[in-house]
Amino acid sequence: MKFSKSFIPTLKEVPADAVIPSHILMLRAGMTRMLSAGIYSFLPLGYKMIKKITKIIREEMDAIGGQEFHLPALNPKEIWEQTGRVEAFGDTMFHVKNRDLVLAPTHEEIMTYHVKGEIKSYKELPQIWYQIQTKFRNEARPRSGVIRGRQFLMKDAYSFDTSFENLDKSYQAHYEAYRKIFDRCGIKYFVVGASSGAMGGSKSEEFMVKSDAGEDTVAYCEKCGYAANIEVATSLVEPVKRYEESKEIYEIHTPNVKSIDELCEFLNIDERETAKSRVYIFNDKPFMILMNGNDEVNETKLENYLGGAVRPAHPDELKEITGADAGSIGPIGFSGRIIADNRLKDGNNLYSGANKNDYHIGGIDLKRDVKNIEYADLRTVQKGETCTRCGAELDVFKAIELGHIFKLGTKYSEALGATFLDENGKEKPIVMGSYGIGVERVLACYIEQNYDEKGIIWDERLKPFDIHLLGLNMKKEIVAETAEKIYSELKEKGYDVLFDDRISVQAGVKFNDADLIGVPVHVVVGERGLKEGKIEIKLRRTGERFSVELDNLYEKLKEVVK
RNA sequence: CGGGGUGUGGCGCAGCCCGGUAGCGCGCUUCGUUCGGGACGAAGAGGUCGUAGGUUCAAAUCCUAUCACCCCGACCA
């Protein structure tokens, strides 16, 4: 393709609204433009990359027996009401104003709807159905360019099986396909155990890329490879001590002591000797959570334990429920359900709030003083804690979710009545899995991992062109003629070539645009080299460059272009 | 949704505090010179100063409302 005829509007300056490297570079390289917050247009170069990525995805999905669909983005609201997800999505779902339609944020319902209508026998299962389609989510705050948009491309696949054992097979097939897809895209990623959240279902894993621009936090053990979303991650921490002798409960006047740190300082004690109380509401009823010291409540773990959504009590509710404000709340005298983190198990001689402002209580023995106490793992793992598998130190960092695979089970098939008859003529709900990949995120994450101060660095496995050919001074006949000749010969040999044939553009501009766009191999035709009959080849990633005789050019390119 | 910030030519910005009719760099057009790492000179084109009200003889500038966008947080199948 000739640059002079192409629409590749590169930018010299950094657009003010872009912050993260991938966003800046996609704008600067002329791949995307923003239309509105979280809504992006893909320009020819950007869309070309999207097509390359979706081609890889299609090949690997087809390889595991996937069949491609194209479902409507506009869905009847009624179907979504049957699974309760209009409410579950809430404001995240876009609603059409002048008809009872919604814009689909995912497609479990619609796929299940079609299964229900057509698949009736175990003989027709399993099935893997997928599509690559635009999804709509009314994100409260779109950010990081294409990484979190209100409209985005997603490859979503659904598996339909006769049993949970067979679901395992479909799930595993997707797991392996995903590894191949991300490997082929040249992305450095890792897989973490995750929470299924409001999707429902049992097991789920996320394919993650480490990045400060990420919105998920993961715990990772470099030594043994343990990786988990912070929502479900666990670590080994020392439990509180149980002293031989339990003191009696006593009240302490603690004016203006609110936080655990203030309490520790005031009483000159260690935070491990304290139990922090938080009040949550579950099913409209208040209950108390006890954490050791400054340990943070992990609300996802809490919700998984309780089996439903919780919310922290409001400040005014606190007063009504406990008689005290946050900072002075504790288990003694609290009448509701009390769940403590495992770390506090059977602890004694502990300090906590007195449910009376400016007072705390010492000498608490959870075993003796808190009847019906429950214990659960409710902590949020912190950096530097001990890996449960190998004992090494855990790292905790931000990551971007590229893909997510779920074992859904029968949640949707039951809600929508998608059943089949088994070998014994017995009606059973179809067992489902669901598997997503954020297509733009693959693009953005690749760039996040492969750029330098000059621009993007594409990989041989994922690149917009095979060769970027630069004709430096196209006003010189010898340069123009040679470059044109090389261009047509390269095309003949089957290379996809971007030929910078612009006449009134300085050499420096061409070099900089080439570095910005980041095709792996640059071929430079200039007057200087031609005087000695030579062409220059430059490798974008290493910056390495070498001159070759015109006669040896194609030979050399065979080595260099993979 | 809470906090902070920004809206001035295609892009990046100054001007606003202290009101007087809009400027700089890049880009764009034309001509000439230059020609291997974002050239130089000359001449040009291009702006309802986000929008709507208000104050004033006069508003980019002051006041009110509103919209959009960015950042931090909350939220996030």
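Below, all heavy atoms of this structure are taken into account, side chains as well, without hydrogens, waters or symmetry copies.
Straight-line distance from the NZ atom of A:K534 to the P atom of B:rG36: 18 Å, rounded to whole Å. Rounding to whole angstrom units, CG of residue A:N473 and C1' of B:rG37 are separated by 14 Å. Rounded to whole angstrom, the span from the CZ atom of A:R33 across to the P atom of B:rC69 amounts to 18 Å. With rounding to whole Å, A:E13 atom CD is found 16 Å from B:rC24 atom P. To the nearest angstrom, P of B:rG38 lies 15 Å from CZ of A:R502. Rounded to whole Å, the distance from CG on A:L472 to P on B:rG36 is 7 Å. For the pair A:K476 NZ and B:rG36 C1', the interatomic distance rounds to 13 Å; values are reported in whole Å. Between A:D500 atom CG and B:rC35 atom P the separation is 19 Å, expressed in whole Å.
For A:E527 against B:rG36, no side-chain N or O and base N or O form a donor-acceptor pair under 3.5 Å.
The separation of B:rA74 from B:rU61, taken at their C1' atoms, amounts to 36 Å, rounded to a whole angstrom. Nucleotides B:rC24 and B:rG36 have their P atoms positioned 32 Å apart, rounded to a whole Å. Between B:rC71 and B:rC35, the distance separating the two C1' atoms is 43 Å to the nearest Å. For the C1' atom pair drawn from B:rU21 and B:rG27, the interatomic distance equals 27 Å after rounding to whole Å. Nucleotides B:rA52 and B:rC13 have their P atoms positioned 25 Å apart, rounded to a whole Å. Separating the P atom of B:rG2 from that of B:rA59 is a span of 34 Å, rounded to the nearest Å. Comparing the P positions of B:rG15 and B:rG9 gives a spacing of 15 Å, expressed to the nearest Å. Separation of the C1' atoms belonging to B:rC57 and B:rU66 is 29 Å when rounded to the nearest angstrom.
Using a 4.0 Å heavy-atom cutoff across all strands shown, A:D91 reaches no nucleic acid atom at all. Among the heavy atoms of the strands, none lies under 4.0 Å from A:K135. Nucleic acid contact for A:M93: none, since no nucleic acid atom lies under 4.0 Å from a heavy atom of the residue. Across all strands, A:G90 comes closer than 4.0 Å to no nucleic acid atom at all (heavy-atom distances).
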Begin from the C-alpha positions of A:R379 and A:M291 and carry the test side chain to side chain contact (heavy atoms under 4.5 Å, CB included) through to its verdict. CA-CA 8 Å; A:R379 290 186 74 249; A:M291 301 299 294; 3.9 Å; yes
For a salt bridge (charged side-chain N to carboxylate O under 4.0 Å, His left out) check, start with the C-alpha distance between A:R441 and A:E206, then their side-chain angles and the critical distance, and finish with the verdict. CA-CA 13 Å; A:R441 285 187 177 184; A:E206 292 168 318; over 6 Å; no
Please evaluate residues A:K556 and A:F546 with respect to the criterion side chain to side chain contact (heavy atoms under 4.5 Å, CB included), reporting the C-alpha separation (whole Å), side-chain torsions for both, the decisive distance (0.1 Å), and the verdict. CA-CA 10 Å; A:K556 188 71 192 174; A:F546 34 85; 3.3 Å; yes
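The partner of B:rC40 is B:rG32, judged by Watson-Crick or G-U wobble contacts that both fall below 3.5 Å. Here B:rC49 sits opposite no nucleotide as a Watson-Crick or G-U wobble pair (both hydrogen-bonding atom distances under 3.5 Å). Under the Watson-Crick or G-U wobble criterion, with both distances below 3.5 Å, B:rU6 is paired with B:rA68. The partner of B:rA74 is absent, by the rule that a Watson-Crick or G-U pair needs both atom distances under 3.5 Å. For B:rU61, there is no paired base (Watson-Crick or G-U wobble, both distances below 3.5 Å). As the counterpart of B:rG19, no nucleotide is assigned, since no Watson-Crick or G-U wobble pattern has both distances under 3.5 Å. Pairing for B:rG25 goes to B:rC11, judged as Watson-Crick or G-U wobble with the two contacts each under 3.5 Å.
Shown here are the salt bridge (Lys or Arg N to Asp or Glu O under 4.0 Å) partners of A:R311, two or more places apart in sequence or in another chain: A:E317.
Side chains of A:Q67 and A:Q127: a donor on one and an acceptor on the other come within 3.5 Å. With 3.5 Å as the limit, one finds no donor-acceptor pair spanning the side chains of A:Y175 and A:E205. For A:D156 and A:Q131, the side-chain atoms include at least one donor-acceptor pair closer than 3.5 Å. Side-chain contact, A:N75 with A:E109: no donor N or O sits under 3.5 Å from an acceptor N or O.
A salt bridge links A:D168 with A:K407: at least one charged nitrogen is closer than 4.0 Å to a carboxylate oxygen. By the 4.0 Å N-to-carboxylate-O rule, A:D515 lies close enough to A:K538 to be salt-bridged with it.
Residue A:Q506 places no side-chain N or O under 4.0 Å from the OP1 or OP2 atom of B:rC35.
A parallel orientation is assigned to the rings of A:Y435 and A:H174, their planes being inclined by less than 30° (bins at 30° and 60°).
Mapped onto RNA chain B by nearest heavy atom, A:V509 and A:V14 fall at different nucleotides, with A:V14 at the one closer to the 5' end. Residue order along RNA chain B, read from the 5' end via each residue's closest nucleotide, puts A:K510 first among A:K510 and A:G436.
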Enumerate the protein-to-nucleotides 3-6 of chain B contacts in which both atoms are nitrogen or oxygen and the separation is below 3.5 Å.
none

Extract from the structure each pairing of a protein N or O with an N or O of nucleotides 70-76 of chain B at less than 3.5 Å, listing the distance.
unit_1	atom_1	unit_2	atom_2	d
B:rC72	OP2	A:R141	NH2	2.9
B:rC72	N4	A:R141	NE	3.3
B:rA74	N6	A:R143	NH2	3.3
B:rC75	N4	A:R143	NH2	3.4
B:rC76	O2	A:R148	NH1	2.7
B:rC76	O2	A:R148	NH2	2.4

Please tabulate, for side-chain N and O atoms in residues 1-8 of chain A, each donor-acceptor pair with protein atoms closer than 3.5 Å (sequence neighbours left out).
unit_1	atom_1	unit_2	atom_2	d
A:K2	NZ	A:E484	OE1	3.2
A:K2	NZ	A:E484	OE2	3.2
A:S4	OG	A:D501	OD1	3.1
A:S4	OG	A:D501	OD2	2.7
A:S6	OG	A:K2	O	2.5

For a quick test of your reading: what N or O donor-acceptor pairs under 3.5 Å do the side chains of residues 21-36 of chain A make, sequence neighbours left out?
unit_1	atom_1	unit_2	atom_2	d
A:S22	OG	A:E448	OE2	2.7
A:H23	NE2	A:Y40	OH	3.0
A:R28	NE	A:L11	O	2.8
A:R28	NH2	A:L11	O	3.4
A:R33	NH1	A:L27	O	2.8
A:R33	NH2	A:P9	O	2.8

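Residues from residues 443-458 of chain A with heavy atoms under 4.0 angstrom of RNA chain B, sorted by number: A:K454.
In the set B:rG38, B:rG36, B:rU34, the nucleotide with an atom closest to the side chain of A:K475 is B:rU34.
Each of A:K135, A:R85, A:K411 was checked for a salt bridge (Lys or Arg N to Asp or Glu O under 4.0 Å) with A:E108, and the lone residue meeting it is A:R85.
If you look at A:Y446 and A:W458, their ring centroids are closer than 6.0 Å.
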